[in-house]
Amino acid sequence: MIGSTRQITVYAYRAPVDMRKSFDTLTALVIQGLRRDVMSGDLFVFVSRTRQRAKVLYWDGTGLCLFAKRLAKGYFAAPWTRAGDGPLVLTTSELALLLEGSDLIARMPLSPPAYAPTNRVLRWG
């Protein structure tokens, strides 16, 4: 999909979005609805009410990119059906599944939590 060697966070907007919205309106949803900086380099996913269209907003360092996809058959998973408040955080693997039309991401978390280093000391012998 979008190649990068750094850790990218994917935020899915939890409400259906009118797919006529473009750069400025989707940016406002990121800032006001998700409380995130659109120029962070993270990916922001929006799904339509009919779940046949999706858009991904992305800052590539020089400008905003807007990727759009319309499924020929089937439906995108509905991020608004997942329990919880605030933005739905996905991995890039889960984003790929979502954009392929898989509904697995709406049922359960598919990836382990992000690695968080600790101050534990491993003792040998």
Side-chain angles (χ1 to χ4, degrees):
M1 205 208 105
I2 299 170
S4 177
T5 57
R6 71 177 182 87
Q7 180 67 29
I8 295 176
T9 304
V10 180
Y11 297 98
Y13 194 72
R14 282 196 185 261
V17 175
D18 183 349
M19 287 295 115
R20 294 175 291 181
K21 295 183 185 311
S22 191
F23 294 95
D24 295 331
T25 313
L26 292 175
T27 297
L29 290 177
V30 169
I31 294 168
Q32 296 171 357
L34 299 176
R35 305 237 183 262
R36 302 285 176 213
D37 179 12
V38 76
M39 294 190 292
S40 65
D42 294 327
L43 301 174
F44 302 96
V45 181
F46 306 91
V47 178
S48 70
R49 183 175 310 281
T50 64
R51 297 177 32 219
Q52 293 178 322
R53 296 172 190 250
K55 288 187 176 181
V56 178
L57 189 64
Y58 171 67
W59 174 261
D60 72 352
T62 61
L64 280 174
C65 301
L66 186 60
F67 302 97
K69 183 167 184 179
R70 180 179 63 195
L71 289 177
K73 63 179 182 177
Y75 299 96
F76 290 111
W80 51 87
T81 61
R82 284 276 285 270
D85 295 326
L88 176 61
V89 179
L90 305 173
T91 65
T92 53
S93 299
E94 290 169 326
L95 173 63
L97 285 173
L98 176 107
L99 294 177
E100 290 173 2
S102 172
D103 63 353
L104 290 177
I105 67 125
R107 294 183 184 170
M108 68 186 93
L110 298 178
S111 298
Y115 173 73
T118 63
N119 292 331
R120 289 188 292 179
V121 176
L122 297 176
R123 300 195 196 301
W124 296 95

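The structure presented is a predicted model; accordingly, all values stated were derived computationally and were not measured. Below, each value reflects all heavy atoms present in this structure, side chains not excepted, and no hydrogens, waters or symmetry copies.
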Q: Any chance you could measure Leu95, atom CG, to Thr9, atom OG1, to the nearest 0.5 Å?
A: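 Between Leu95 CG and Thr9 OG1, I get 12.0 Å after rounding to 0.5 Å.
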Q: Can you confirm whether Asp24 is buried at CG, in the sense that more than 12 heavy atoms of other residues, nucleotides or ligands lie under 6.0 Å from that atom?
A: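 No, because the 6.0 Å sphere around CG of Asp24 holds 12 heavy atoms or fewer from other groups.
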Q: Grab the two heavy atoms, one from Ile8 and one from Gly41, that are nearest each other, plus how far apart they are.
A: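 Reported closest heavy-atom pair: CG2-O, 4.1 Å.
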Q: Considering all heavy atoms of both residues, which atom of Leu29 and which atom of Tyr13 are nearest to each other, and what is their separation?
A: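 Here Leu29 and Tyr13 meet closest at CD2-OH, 3.5 Å.
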Q: Can you say whether the rings of Phe67 and Tyr58 are parallel (under 30°), tilted (30 to 60°) or perpendicular (over 60°)?
A: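 Tilted.
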Q: Heavy-atom distance under 4.5 Å between the side chains of Asp37 and Trp59, does that happen here?
A: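 Result no, sub-4.5 Å side-chain heavy-atom pair not found.
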Q: Please name the residue in the list Lys55, Gln52, Arg49 that meets the side-chain contact (heavy atoms from CB on, under 4.5 Å) test with Met19.
A: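 Going through Lys55, Gln52, Arg49 one by one, the side-chain contact (heavy atoms from CB on, under 4.5 Å) with Met19 is satisfied by Lys55 alone.
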Q: Write out all pairs satisfying side-chain hydrogen bond (donor to acceptor under 3.5 Å, both in side chains) with one or both partners inside residues 61-71, taking only residues at least two apart or from two chains.
A: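 Residue pairs with at least one partner in residues 61-71: Asp60-Thr62.
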Q: Search all heavy atoms of Pro87 against all heavy atoms of Leu34 and return the closest pair with its distance.
A: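 Closest pair (atom of Pro87, atom of Leu34, distance): CB-CD2, 3.4 Å.
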Q: Do Trp80 and Leu43 land in one hydrophobic cluster if side-chain heavy atoms of ILVMFWY residues count as linked below 4.5 Å?
A: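 Yes; tracing contacts between hydrophobic side chains, which count when under 4.5 Å, links both residues.
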Q: Work out which heavy atom in Tyr75 is nearest to a heavy atom in Thr50; give both atom names and the distance.
A: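 For Tyr75 and Thr50, the tightest heavy-atom pair comes out as CD2-O, 3.3 Å.
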Q: Looking at CG of Leu66 and CG of Leu26, how far apart are the two atoms once the value is rounded to the nearest 0.5 Å?
A: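 Going from CG on Leu66 over to CG on Leu26, the span is 6.0 Å.
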Q: Under 4.5 Å between any side-chain heavy atoms of Leu57 and Tyr11, yes or no?
A: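 A side-chain contact is absent here, since even the closest heavy-atom pair is not under 4.5 Å.
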Q: Please report the interatomic distance CE(Met39) to OG1(Thr27), rounded to the nearest 0.5 Å.
A: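 Nearest 0.5 Å value for the CE-OG1 distance: 9.0 Å.
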Q: Please give me the minimum heavy-atom distance between Leu90 and Ala12, naming the atom from each residue.
A: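 Residues Leu90 and Ala12, closest heavy atoms: CD1-CB, 4.2 Å.
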Q: Residues two or more places apart in sequence or in another chain: which of them pass side-chain contact (heavy atoms from CB on, under 4.5 Å) with Thr25?
A: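 Testing Thr25 for side-chain contact (heavy atoms from CB on, under 4.5 Å), a comparison that skips the adjacent residues, returns Lys21.
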Q: Counting neighbours of CZ on Arg53 that are heavy atoms of other residues, nucleotides or ligands and sit closer than 6.0 Å, is the number greater than 12?
A: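 Atom CZ in Arg53 is not packed in, count stays at 12 or less.
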Q: Write down the atom of Ala54, the atom of Leu99, and the distance for their closest heavy-atom approach.
A: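 In terms of heavy atoms, the two residues are closest at CB-CD2, 4.4 Å.
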